[in-house]
Engineer: 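I have a structure I would like to understand better, so I am pasting it below and will then ask my questions one at a time.
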Amino acid sequence: MHNIPRIYNDPIIFRRRRGNPLSPFEEIKESMTVESYRVLLTEIPNRLNRVKISYRGKLMHETEDGFLDENTFRVTYEDGTIYFHESMEGKTIQIEYFGEGVLLFPDSRVYHTSDERFPTVKDKFIDVDRDILVQRNRVDTLIRENPQPSEVVDMRIDYNGKVFNVARDRIDAEQYKIEEAYVDAKNKKWPSLKARIDSLQLATEEEFNEKDDEMTNIWARIDLIPGEITLETGRIEKKFDTEVRKITSRIDMVPEQITLKVEEIREWSEGQFSVNYSQIKQLSDELELKVDADGVVNAINLSPKGTSITGNKLNITADTYIEDASISSAKIKNLSANQIQAGVLSSLNKNTKFNLNTGSLDMENASFYLSSGASIRFLDSGNTLTYSRVDSETNITRTAGVGVGTSINSRFPVAYLGTTGTGASRFGALDDRWFTGFITNTNRRMDVDGIGNSVVGQVFHVRDKAVSYSRGFRFDISTNTAVLHGLNTGSHSYHLGRPYDRFARTYTDNIYGDNITFNYHGSGSSLGYIMENTVKSGRNPAFRPQYGGEKYYDLGTAYHVWRNGYINTVRYKWLTQRSMRKYKEDIKLLDENDAINYIKTSDVHTFYYKDDVEKDKNIMDMKVGIMYDDISLENDYLIKASDDSIDQSNIVFMVQAATKNILGRTETLEEKYAKLEGKVERLEKENKELREMINGGAA
């Protein structure tokens, strides 16, 4: 093996594995003693596989933060240092991990930070060794020149009687004999006798070819444990920037089986892989030979059950006679026979399998092309096309599909498209199978059972897209109150019917809305009503005309009157808002005689409306008013609003005019009465004076 440090002038040695088939991580088992509450692994451990540590057969637990106790440890995966609790100091532990390799720094490249006289650790080591030799010579001189106890003198004589100058010389001689055992037959020196013995189980060698820019690693390994022997030899050839090739030969032996395997793995710079191997596996009653070339397998298996040959091609050139054979798979170029009996037909790529015994047809990546009026007929009630899936959270299997069947009365065919859920033993449009979807029926079933086509489910959408939808309708019957509403009503408007495609009638119990508008459907119409259900600034909720300033609206008609009206305050627009002169023309004073004649000629009656009267004539239905037929005014248009009704608002002002006339006459009478009272007072005074004169004269 080349002297790498000498070739490259003491380089930093980077020996790291990549963790792939060509450079896998090495499984390492080590026994170490905890010193200063820590140990340092021989290699850098792989973080993914983690480090496993046991003490006296009991596993310890790895932690990444927090305080350590006697059962836990912490690993620094960057440098392979493991920390322990102080109670583990001096204890020997067993460590298992996958090694990624090491990064080695030469002593000539590590500088000393506190002493400028020694720029590198290598220089410091040389200086320390020199001081040790000086001190050793000094101690040896002192020992030789001074008398020694008899037991120390005895230590200078070995088993063969050879006398050494001092006891240290004998000890050094023994140490030299041991260190001689560190050197193997190839003159390679191992760091310890144990390392040399271990090398017999794992021998490695590395060679670099500068001319071909190629690195070769060769190894051999022997693993001996009770009941198992593994022998492996291999070679990795690295052609830089071209390819990596790994070849291994391996024998695995256990009491029950022997396996021989030769494997070649190649990786090219483009990232392509090639894996080929041949293998012989031998058992007491079975022999298997296998060759695998990039997934193409050819194999021969011999066992008491028979001989099995597996491969993509079997070429037999000799005359062959097969008696009473059962061929499970064959590729026949031409086949001619009067009758073929088979149990299972399958494709070469295993995508299609047709079991003729059960009628089961299994197909993957299948496409069906039918033409020329082709049809598929279901001949049995309950035939289906389905797909099933297991819910990963609840472990419940649900099925979606299409099926056919018969109606409940077993008379008519039905078809259904949907899903089944919990507890469904098979797909079908029945309640006990939690069916949701669509069911189609014949017109005849509608006549017989009153059942038509159905949409089954608690929530149903009609929308513009399958996923990223923006508008549509939602039918929701999941609660006691069923709801139909539009989707995204803030962005889209919805109409129920169109101007010339309208619903004839609407039946509803309640209508909710802030402002409800009733419009005439004609284009450009200015007719309509608004029901305001919100309180606005300075205005109460109201039911009002939509275009009041442009059109006049009636509350009821002459023939369609409101029966009762309960109003807190009555305000007439023409009195409160349009009574100014600027809104009027042809202004004349009402003839007071017309008003007085109305008062004189109109009698007030109590009565019932015929269409309001019940059998017992509820007193609450009694009305007070005048009879249209009794009006005999010359200017009766002032009172009559139509052919059979009167304008009660005009009557109010007629009464006002008559009252004003009466008040005028009353004021005149009061003035005359006041004058008469004055005259009466004078006459009474004069009469009193006359009586006094008369009485006085008589006296």
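Here, residue 1 is the first one in the sequence, and each next residue gets the next number.
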Engineer: Indicate yes or no: at least one non-hydrogen side-chain atom of Leu385 is less than 4.5 angstrom from one of Phe378.
Structural biologist: yes
Engineer: I need the Asn453 CG to Tyr416 OH distance, nearest 0.5 Å.
Structural biologist: 15.5 Å
Engineer: Would Tyr469 and Arg471 satisfy side chain to side chain donor-acceptor pair (under 3.5 Å), going step by step from the backbone distance to the final call?
Structural biologist: CA-CA 6 Å; Tyr469 57 87; Arg471 57 185 178 272; over 6 Å; no
Engineer: Examine the side chains of Thr399 and Thr386 and answer whether a donor and an acceptor come within less than 3.5 Å of each other.
Structural biologist: no
Engineer: Taking the six-membered ring where the residue is Trp, are the ring centres of Tyr529 and Phe543 under 6.0 Å apart?
Structural biologist: yes
Engineer: Mind checking the CZ-OG spacing from Arg398 to Ser388? Nearest 0.5 Å is all I need.
Structural biologist: 11.5 Å
Engineer: Under a 3.5 Å cutoff, is there a donor and acceptor pairing between the side chains of Asp594 and Asn597?
Structural biologist: no
Engineer: Could you pull out the closest heavy-atom pair between Ser381 and Gly405, with the gap in Å?
Structural biologist: OG-CA, 3.3 Å
Engineer: I'd like to know if the side chain of Arg463 reaches the main chain of Ala466, judged simply by a donor and an acceptor atom lying under 3.5 Å from each other, with no hydrogens or angles considered.
Structural biologist: yes
Engineer: Is the shortest heavy-atom distance from the side chain of Val459 to the side chain of Phe475 under 4.5 Å?
Structural biologist: no
Engineer: Looking at Glu532, is its backbone amide N or carbonyl O close enough to the side chain of Arg544 to form a donor-acceptor pair, meaning the two atoms are under 3.5 Å apart?
Structural biologist: no
Engineer: Find out whether Ile265 and Ser274 are in side-chain contact, i.e. whether some heavy atom of one side chain is under 4.5 Å from a heavy atom of the other.
Structural biologist: no
Engineer: When rounded to the nearest 0.5 angstrom, what is the spacing between CZ in Arg445 and OG1 in Thr440?
Structural biologist: 10.5 Å
Engineer: Check whether more than 12 heavy atoms from other residues, nucleotides or ligands sit under 6.0 Å from atom CG of Asn409, and answer yes or no.
Structural biologist: yes
Engineer: Using a 4.5 Å cut-off on heavy atoms from C-beta on, say whether the side chain of Arg50 contacts that of Leu48.
Structural biologist: no
Engineer: Tell me if a side-chain donor or acceptor on Asp464 pairs with a main-chain N or O of Ser470 at a distance below 3.5 Å.
Structural biologist: yes
Engineer: For Asn443, does the CG atom have more than 12 heavy-atom neighbours from other residues, nucleotides or ligands under 6.0 Å away?
Structural biologist: no
Engineer: Is Met363 close to Lys353 at the side-chain level, that is, under 4.5 Å between some pair of heavy atoms?
Structural biologist: no
Engineer: Answer yes or no: is there a side-chain heavy-atom contact under 4.5 Å between Glu62 and Val75?
Structural biologist: yes
Engineer: Assess the residue pair Phe438 and Val456 against the criterion (side chain to side chain contact (heavy atoms under 4.5 Å, CB included)); give the C-alpha distance rounded to whole Å, side-chain angles, the decisive distance to 0.1 Å, and a yes or no.
Structural biologist: CA-CA 6 Å; Phe438 303 88; Val456 182; over 6 Å; no
Engineer: Does a salt bridge link Glu64 with Arg47, judged by any charged N lying under 4.0 Å from a carboxylate O?
Structural biologist: no
Engineer: Taking the six-membered ring for Trp and the full ring for Phe, Tyr or His, determine whether the centres of Phe473 and Phe460 are under 6.0 Å apart.
Structural biologist: no
Engineer: What distance separates Glu364 CD from Asn351 CG, expressed to the nearest 0.5 Å?
Structural biologist: 5.0 Å
Engineer: Just so I know, are the side chains of Asn441 and Phe412 near enough to count as touching, which here means a heavy-atom distance under 4.5 Å?
Structural biologist: no
Engineer: Could you tell me whether a side-chain N or O of Asp380 sits under 3.5 Å from a main-chain N or O of Asn383, the two making a donor and an acceptor?
Structural biologist: no
Engineer: Does Asp294 use its side chain to pair, donor to acceptor, with the backbone of Val275 at less than 3.5 Å?
Structural biologist: yes
Engineer: Please find the pair of heavy atoms, one from Lys465 and one from Ser468, that lie closest to each other, and give the distance.
Structural biologist: CD-O, 3.3 Å
Engineer: If you count every heavy atom of other residues, nucleotides or ligands that lies below 6.0 Å from Ile587 atom CD1, does the total exceed 12?
Structural biologist: yes
Engineer: Measure the spacing between CZ of Arg18 and CD of Glu267 and express it to the nearest 0.5 Å.
Structural biologist: 5.0 Å
Engineer: Using side chain to side chain contact (heavy atoms under 4.5 Å, CB included), reason through Arg433 and Phe427 one step at a time and then give a plain yes or no.
Structural biologist: CA-CA 7 Å; Arg433 299 176 186 174; Phe427 180 72; over 6 Å; no
Engineer: Test side chain to side chain contact (heavy atoms under 4.5 Å, CB included) on Asn533 and Asp514; report intermediate values, then the result.
Structural biologist: CA-CA 5 Å; Asn533 293 330; Asp514 295 339; 5.6 Å; no
Engineer: Closest heavy-atom contact between Gly457 and Ile477?
Structural biologist: O-CD1, 3.4 Å
Engineer: Would you say that more than 12 heavy atoms from the other residues, nucleotides or ligands in this model lie under 6.0 Å from the CD1 of Ile408, or not?
Structural biologist: no
Engineer: Is it the case that more than 12 heavy atoms not belonging to Leu370 sit under 6.0 Å from its CG atom?
Structural biologist: yes
Engineer: Check the surroundings of atom CG in Asp431: do more than 12 heavy atoms from other residues, nucleotides or ligands lie under 6.0 Å from it?
Structural biologist: no
Engineer: Please check if the side chain of Asn46 supplies one atom and the backbone of Asn49 the other of a donor-acceptor pair under 3.5 Å.
Structural biologist: yes
Engineer: Does the side chain of Arg389 reach to within under 4.5 Å of the side chain of Thr397, using non-hydrogen atoms?
Structural biologist: no
Engineer: Hey, could you give me the CD1/CD1 distance between Ile451 and Ile439, rounded to the nearest 0.5 Å?
Structural biologist: 9.5 Å
Engineer: Can you sort out the partners of Asp362 under salt bridge (charged side-chain N to carboxylate O under 4.0 Å, His left out), two or more places apart, ordered by chain and number?
Structural biologist: none
Engineer: Thr72 vs Thr63, test: side chain to side chain donor-acceptor pair (under 3.5 Å). Steps then yes/no.
Structural biologist: CA-CA 6 Å; Thr72 60; Thr63 181; over 6 Å; no
Engineer: Taking all atoms of both residues into account, what is the closest heavy-atom pair of Val624 and Phe607, and its distance?
Structural biologist: C-CE2, 3.7 Å
Engineer: Report, as yes or no, whether the 6.0 Å neighbourhood of atom CG on Asn480 holds more than 12 heavy atoms from other residues, nucleotides or ligands.
Structural biologist: no
Engineer: Where do Leu361 and Thr352 land on the side chain to side chain contact (heavy atoms under 4.5 Å, CB included) test, with the steps shown first?
Structural biologist: CA-CA 7 Å; Leu361 174 61; Thr352 303; 4.1 Å; yes
Engineer: Using only atom types and a distance under 3.5 Å, with no angle test, would you say the side chain of Asp391 pairs donor to acceptor with the backbone of Ile396?
Structural biologist: no
